[in-house]
2 protein chains.
Amino acid sequence: MTDGVVERSRPRDRILETARDMFHKHGIKGVGVDAITEAAGTNKMTLYRHFESKDELIVECLRANAAKAGAMWDAFEAEFPGDKLAQLHAWVGKAAAMLNTDGRGCDMANAAAELTEPDHPARLVIKELKEAQRERLVTLCRGAGIGQAELLADTLSLLFEGARVSVQTVGAEGPSTQFVRMAEGLIVSFRGTAAG
Amino acid sequence: MTDGVVERSRPRDRILETARDMFHKHGIKGVGVDAITEAAGTNKMTLYRHFESKDELIVECLRANAAKAGAMWDAFEAEFPGDKLAQLHAWVGKAAAMLNTDGRGCDMANAAAELTEPDHPARLVIKELKEAQRERLVTLCRGAGIGQAELLADTLSLLFEGARVSVQTVGAEGPSTQFVRMAEGLIVSFRGTAAG
DNA sequence: CTAGGGTGTTACCGGTCTGTAACTTCCAGA
DNA sequence: TCTGGAAGTTACAGACCGGTAACACCCTAG
């Protein structure tokens, strides 16, 4: 019941969506393929007809997460076309909202914590997405006329990442409650010393 | 070989130390009790004579981590007695050094990512340690004469936490390289607006 | 020397894991 | 209506998981 997502669609999509949800909630090693297929209203054979292994399913889930994250950034551009500063503030707001959805942190970071083999195929996807997100944040900061755009982007990035794990360890009432204040303060501070 | 730690000491200590090391390297769910006891140069029965379950072993490992972290804070006080500002800078340095030891993040955060059951006994230990660390950081900031001590402590805390997961996802050459600059900049900035 | 507790050894239990084989059912398109 | 491919079903392989029982051993304290 809690892990539903059994609407009528192609089995592959249901498996992917269900796996994403269950990996997010229970961790990757905490979910078996049997549980996924059952929750997706299908069976193990069908899963292995569409994904050659659990590892490939994991990678595909992470890619789907990356796509969703990319769509979020596009939404910022669509809402505030050309106004990078407004997009930056929108990102802060969206990030803060994410902190209060559930107690689970970033799927990418969690996956990195679980999949310790240094050559696991998922690690590449994780690194790519994280670097892409940094790039987009840098672009926003630069476009907002901030001098040390890279430094601000990295600082905000670490702050958000830290806030997500803080929610996971001490809960949503911990230091993460101050995230917006910290982020906005940093933006003001960096704009004050702008070189553009 | 890589997971040695089989020196001659009481079996319980060897098990605890070996488990700590292996949990750190391979994750909690990535290591079985058989592998631990073998690496510790003992056997499963001996493990279950000293720990009533794997979960209790996990908790005990986290407690040992907490104790080690506590010792680190005490070392700051011992090295710079009474000088909270110097201790704060020492913490920044120590934190930065930790980022370059290995690619694995904080054991507590990783454990929180893996142990998703909300009432898992380990979650309590994790929360306690994280709150204790925040408390100590706040004390340092307050003792250093910083007005908004809580806010600075929380900011530094999130920054460090974020840096550790960043190392785990994109590697040590990512945004975490700027950690010291960010932290020191924040300290300067907060001291500038000190309220006495 | 002896007694006893900590330790090591072997075998096992029931369960779960990823992954596969062989077969049946269903359904859409020609 | 026929056909081919996608999906479902059942059973299984082989490995590993956490945890336990029964018993042999060794070393030290008395």
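Computed from heavy atoms alone, side chains included, the values below leave out hydrogens, waters and symmetry copies.
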Anything under 3.5 Å between a donor and an acceptor, one on a side chain of residues 80-93 of chain A, the other on a protein residue two or more places apart or in another chain? List them.
{"unit_1": "A:D83", "atom_1": "OD1", "unit_2": "A:L85", "atom_2": "N", "d": "3.3"}
{"unit_1": "A:D83", "atom_1": "OD1", "unit_2": "A:A86", "atom_2": "N", "d": "3.1"}
{"unit_1": "A:K84", "atom_1": "NZ", "unit_2": "A:E77", "atom_2": "OE1", "d": "3.1"}
{"unit_1": "A:Q87", "atom_1": "NE2", "unit_2": "A:E77", "atom_2": "OE1", "d": "2.9"}
{"unit_1": "A:Q87", "atom_1": "NE2", "unit_2": "A:F80", "atom_2": "O", "d": "2.7"}
{"unit_1": "A:H89", "atom_1": "ND1", "unit_2": "A:L85", "atom_2": "O", "d": "3.2"}
{"unit_1": "A:H89", "atom_1": "NE2", "unit_2": "A:E184", "atom_2": "OE1", "d": "3.0"}

Can you check the [X] [atom1] to [N] [atom2] distance for me, whole Å?
X: B:D13; N: C:dG6; atom1: CG; atom2: C1'; answer: 14 Å
X: A:K29; N: D:dC17; atom1: NZ; atom2: C1'; answer: 13 Å
X: A:R12; N: D:dG5; atom1: CZ; atom2: C1'; answer: 17 Å
X: A:N43; N: D:dA11; atom1: CG; atom2: C1'; answer: 13 Å
X: B:I15; N: C:dG6; atom1: CD1; atom2: P; answer: 14 Å
X: A:R14; N: D:dA6; atom1: CZ; atom2: C1'; answer: 12 Å
X: B:L47; N: D:dT20; atom1: CG; atom2: P; answer: 11 Å

Are B:T46 and C:dT7 close enough that a side-chain N or O sits under 4.0 Å from OP1 or OP2?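 No, no such contact exists.
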Does A:H50 place a side-chain N or O at less than 4.0 Å from the phosphate oxygens OP1/OP2 of D:dA7?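 It does, given that an N or O in the side chain of A:H50 lies less than 4.0 Å from OP1 or OP2 of D:dA7.
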Show every donor-acceptor pair shorter than 3.5 Å between a side-chain atom in residues 60-73 of chain A and any protein atom, with sequence neighbours excluded, or say none if there are none.
{"unit_1": "A:N65", "atom_1": "OD1", "unit_2": "A:R20", "atom_2": "NH1", "d": "2.3"}
{"unit_1": "A:N65", "atom_1": "ND2", "unit_2": "A:D107", "atom_2": "OD2", "d": "3.4"}

Is any side-chain N of the basic residue among B:E150 and B:R142 closer than 4.0 Å to the acidic one's carboxylate O?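 Judged by the 4.0 Å cut-off on N to carboxylate O distance, B:E150 and B:R142 do form a salt bridge.
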Sorted by chain and residue number, the side-chain contact (heavy atoms from CB on, under 4.5 Å) partners of A:T177 (sequence neighbours excluded) come out as none
Give every residue pair that meets the ring-ring contact (aromatic ring centres under 6.0 Å, His included) criterion with at least one member in residues 104-150 of chain A, sequence neighbours excluded. none
For A:R123, all residues meeting salt bridge (Lys or Arg N to Asp or Glu O under 4.0 Å), sequence neighbours excluded: none
Generate the contact string for nucleotides 16-22 of chain C. Rules: B means base contact, S means sugar-phosphate contact only, - means no protein heavy atom under 4.0 Å. --BBBBB
